[in-house]
Amino acid sequence: MQRAFDSGARMRGTFPSMSQVRVRFAPSPTGFFHIGSARTALFNWLYARHTGGTFILRIEDTDKERNSEAFLNLIYDSMAWLGLNWDEGPKVGGAYGPYRQSERGHIYKEYVGKLMAAGRAYEKDGAIWFKLLGERHEVFDEHRKKTVTKVKLPPVVIEDQIRGRVERIEDEDFVIVRSDGNPVFHLVNVVDDIAMNVTHIIRGEDHLSNTSKHVHLYEGFGVKPPAFAHIPLILKQNGPGKMSKRDQGALIEEYQRRGYLPEALVNFLCLLGWNPGDDREKMPIAEIIKLFDLPGVNQSNARFDDKKLAHMNMAYLLEQPADRFVTLAREYFARQTENAAAQAALAADPAYFREVMLLSQPKIKGVEELPAYTAYFFSETYAIDAKVKEKVMAKGDPKARLQELAAALAAPEANWTTDAAIEETMKGLATAKGLGFGDYQAVTRLALSGTNVGPSITTMIRVLGRERVQARIARFLA
RNA sequence: GCCCUCAUCGUCUAUCGGUUAGGACAGGAGAUUCUCAAUCUUCAAAGCGGGGUUCGAUUCCCCGUGGGGGCACCA
């Protein structure tokens with residue numbers, strides 16, 4: 001690889017080996033961090049980790065009008081949450097900094113100077129344009145309703161790592177520095193990739209059409225372009241078009257807020273456009289890193305499916321160790337400041353909270369269900385589901401059954417300490433009366449929780465404890 | 001309008017010329033359990049159309065059609 005203007009590596013005297021992979025994720029802090037950006041970051045990160053290369057985070061904040069520090073922090077937070085750590089970039093530094101384009105103005109100026117000196121750039125209307133080399137002629141563009149200068153050139157050939165050979169003709173000079181003095185995306189993007197020694201550009205397919213401009217720029221700088229890999233886009237769940245920041249379910253922070261497990265989201269995102277070549281779906285990230293490679297990336301766009309994501313999240317949730325699950329639950333509850341049930345749960349004894357959460361773990365799809373699912377454990381004002389009540393009270397004499405159970409549990413020899421003991425009490429009672437377990441289960445559940453969903457009735461009785469159980473039954477029978 | 005790109009069940013996908021076209025999510029049915037989930041079994045569900053190439057095309061080529069992206073002094 002020849003580098004005519006390598007101010008990055010050369011000036012600092014660092015010469016990484018040419019086989020060393022360097023990839024970058026280059027977001028602009030102009031909006032919320034969304035699913036598509038996250039997956040681009042993820043694929044770059046995976047490729048770096050797979051190859052033992054370097055993952056660079058570069059902030060493309062040249063659009064002064066739309067940048068915001070809040071959005072920038074959101075990028076940092078979201079990436080940290082997803083576990084996408086960067087080897088070079090803001091906060092961690094590196095030999096090729098600064099890593100915010102707003103701080104690299106002098107570098108762009110230098111590079112533009114080189115183009116000017118080489119006759120590959122010129123000024124027009126106060127802006128600086130990149131000059132294509134070829135025969136020129138004027139034509140009127142019907143679509144844009146203006147006269148433009150066309151340059152006759154053979155097509156640019158891109159050997160894309162994912163899409164194969166792509167050809168595209170670039171036939172108009174383009175602006176590289178605006179009349180206000182600010183460099184445009186194409187210029188800064190290419191300059192930084194040269195200066196930062198980037199070897200592989202992995203980005204969304206929406207950039208494929210830009211690539212011909214970029215290749216011309218590389219050529220203008222006398223630098224061999226890096227490898228390109230354009231990944232398919234993520235389409236919105238419903239309706240036409242690619243997913244954008246304002247689509248339902250598009251924001252990473254939303255999943256964070258809703259208590260999704262980041263490893264579940266990452267696993268799901270990996271599968272959107274990539275697969276290991278066999279039937280495996282749920283895989284540890286270490287395994288994905290081992291298997292991930294550019295040729296394994298699909299060429300067609302993928303539609304986002306929140307049901308599948310929810311399923312993946314549940315699968316991960318089920319296998320969480322008790323401590324982590326309880327921590328996740330507590331953190332989620334703490335964020336629900338407006339939710340009375342959540343606040344009541346937090347106010348409860350931590351050991352009791354923990355037990356209730358753990359018995360709910362195998363029952364739920366996401367922690368966001370927890371406050372409502374467990375509300376009756378923490379409050380005496382739980383609602384009685386009218387439909388369930390109607391159904392339960394319809395057959396037999398449920399109140400009599402409940403009365404009998406209350407009496408059995410009140411007996412001095414009744415053991416409340418284990419699920420098995422409680423089950424023995426209930427089953428013994430049912431047998432003695434010539435009835436089934438279900439005759440006692442349903443009405444007891446209704447009385448204790450007001451619903452027909454929840455953990456095992458014996459567990460519920462044990463965890464709620466004698467005091468609550470007796471009070472609730474009495475109230476129900478009154 | 002021009003340029004680029006993609007095309008297998010509703011969705012995500014496997015198949016690198018020969019398969020009963022497989023898996024997962026979602027959906028239906030059943031089993032199991034004290035309810036609800038989970039789990040297990042099971043059912044239904046696909047090669048966009050037309051031409052080629054080939055003994056043989058989902059697979060390779062071409063043309064349509066459809067989807068997606070791009071065509072800025074946004075990134």
Side-chain angles (χ1 to χ4, degrees), chain A residues 26-31 60-63 65-67 101 124-129 141-144 155 158 160 163-164 166-172 174-186 188-189 203-213 230 232-235 237 240-242 268 271-282 295 298-312 314-315 318 360-365 369 373 388 391-392 423 426-427 430 436-446 449 451-460:
Chain A
S28 8
T30 55
E60 306 220 330
D61 52 352
T62 54
D63 185 355
E65 299 297 309
R66 298 195 297 150
N67 285 325
Q101 291 185 331
K124 190 181 99 184
D125 305 330
I128 298 174
W129 298 66
D141 186 310
E142 289 293 341
H143 192 62
R144 287 181 290 173
I158 302 147
D160 194 276
R163 329 200 76 90
V166 176
E167 293 187 10
R168 189 169 183 280
I169 292 174
E170 194 65 43
D171 61 358
E172 282 178 38
F174 51 92
V175 171
I176 53 176
V177 180
R178 285 187 276 270
S179 50
D180 65 4
N182 287 313
V184 306
F185 162 73
H186 302 298
V188 298
N189 194 265
R203 55 170 28 160
E205 199 211 86
D206 47 346
H207 286 289
L208 190 52
S209 302
N210 290 328
T211 307
S212 50
K213 279 191 179 71
H230 288 91
L233 302 180
I234 299 176
L235 269 27
Q237 185 147 231
K242 65 172 173 172
F268 170 80
L271 263 17
L272 228 46
W274 174 84
N275 68 78
D278 54 36
D279 287 342
R280 280 178 298 170
E281 296 202 329
K282 183 165 171 290
N298 294 121
Q299 305 185 355
S300 51
N301 295 340
R303 204 167 285 278
F304 181 79
D305 181 2
D306 63 357
K307 290 252 178 59
K308 190 145 186 171
L309 171 56
H311 180 268
M312 186 67 81
M314 182 203 69
L318 271 175
S360 305
Q361 182 177 5
K363 302 284 193 169
I364 55 157
K365 268 184 129 65
E369 293 174 14
Y373 191 84
V388 174
K391 209 174 152 192
V392 170
E423 188 174 340
M426 290 182 74
K427 284 207 166 137
F437 189 88
D439 293 309
Y440 291 90
Q441 184 273 137
V443 67
T444 307
R445 178 180 298 281
L446 180 66
S449 71
T451 179
N452 66 336
V453 306
S456 152
I457 188 64
T458 54
T459 307
M460 194 189 293

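Residue numbers start from 1 in every chain, and the chains themselves are labelled A, B, ... in the order their sequence lines are given, proteins ahead of strands. Given the structure is predicted, the values throughout are model-derived calculations rather than measurements.
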How far does the [atom1] atom of [N] sit from the matching atom of [M], given to the nearest Å?
| N | M | atom1 | value |
| --- | --- | --- | --- |
| B:U32 | B:A14 | C1' | 32 Å |
| B:A26 | B:C12 | C1' | 11 Å |
| B:G22 | B:U42 | P | 14 Å |
| B:U15 | B:G30 | C1' | 32 Å |
| B:A21 | B:C3 | C1' | 36 Å |
| B:G27 | B:G18 | P | 35 Å |

Quick one: look up who [N] pairs with, Watson-Crick or G-U, both distances under 3.5 Å, and put none if it's unpaired.
| N | result |
| --- | --- |
| B:G27 | B:C43 |
| B:U8 | none |
| B:A21 | none |
| B:A14 | none |
| B:G1 | B:C71 |
| B:U59 | none |

[X] side chain near [N] phosphate (N/O to OP1/OP2, under 4.0 Å):
| X | N | result |
| --- | --- | --- |
| A:N275 | B:A24 | no |
| A:Q441 | B:U35 | no |
| A:N210 | B:A75 | no |
| A:R163 | B:G68 | no |

Ignoring hydrogens and geometry beyond distance, is the side chain of [X] in donor-acceptor contact with the base of [N] at under 3.5 Å?
| X | N | result |
| --- | --- | --- |
| A:S209 | B:C3 | no |
| A:R303 | B:U11 | no |
| A:E281 | B:G23 | yes |
| A:S456 | B:C34 | yes |
| A:K363 | B:A38 | no |

Heavy-atom distance under 4.5 Å between the side chains of A:N189 and A:R203, does that happen here?
yes
Closest-nucleotide ordering on RNA chain B, the 5'-leading residue of A:I457 and A:S28:
A:I457
Quick one: on RNA chain B, does A:R66 or A:D279 contact a more 5' nucleotide (nearest heavy atom)?
A:D279
Look at the side chain of A:D206 and decide which nucleotide, out of B:A38, B:C12, B:G69, has an atom nearest to it.
B:G69
A:L235 CG to B:U5 C1', straight-line distance once rounded to whole Å:
13 Å
Rounded to the nearest Å, what distance is computed from the CG atom of residue A:D125 to the P atom of nucleotide B:A72?
15 Å
Donor-acceptor pair, side chain of A:R178 and main chain of A:V184, under 3.5 angstrom
no
According to a cutoff of under 5.5 Å between the ring centres and under 30° between the ring planes, does A:H207 stack with the base of B:A75?
yes
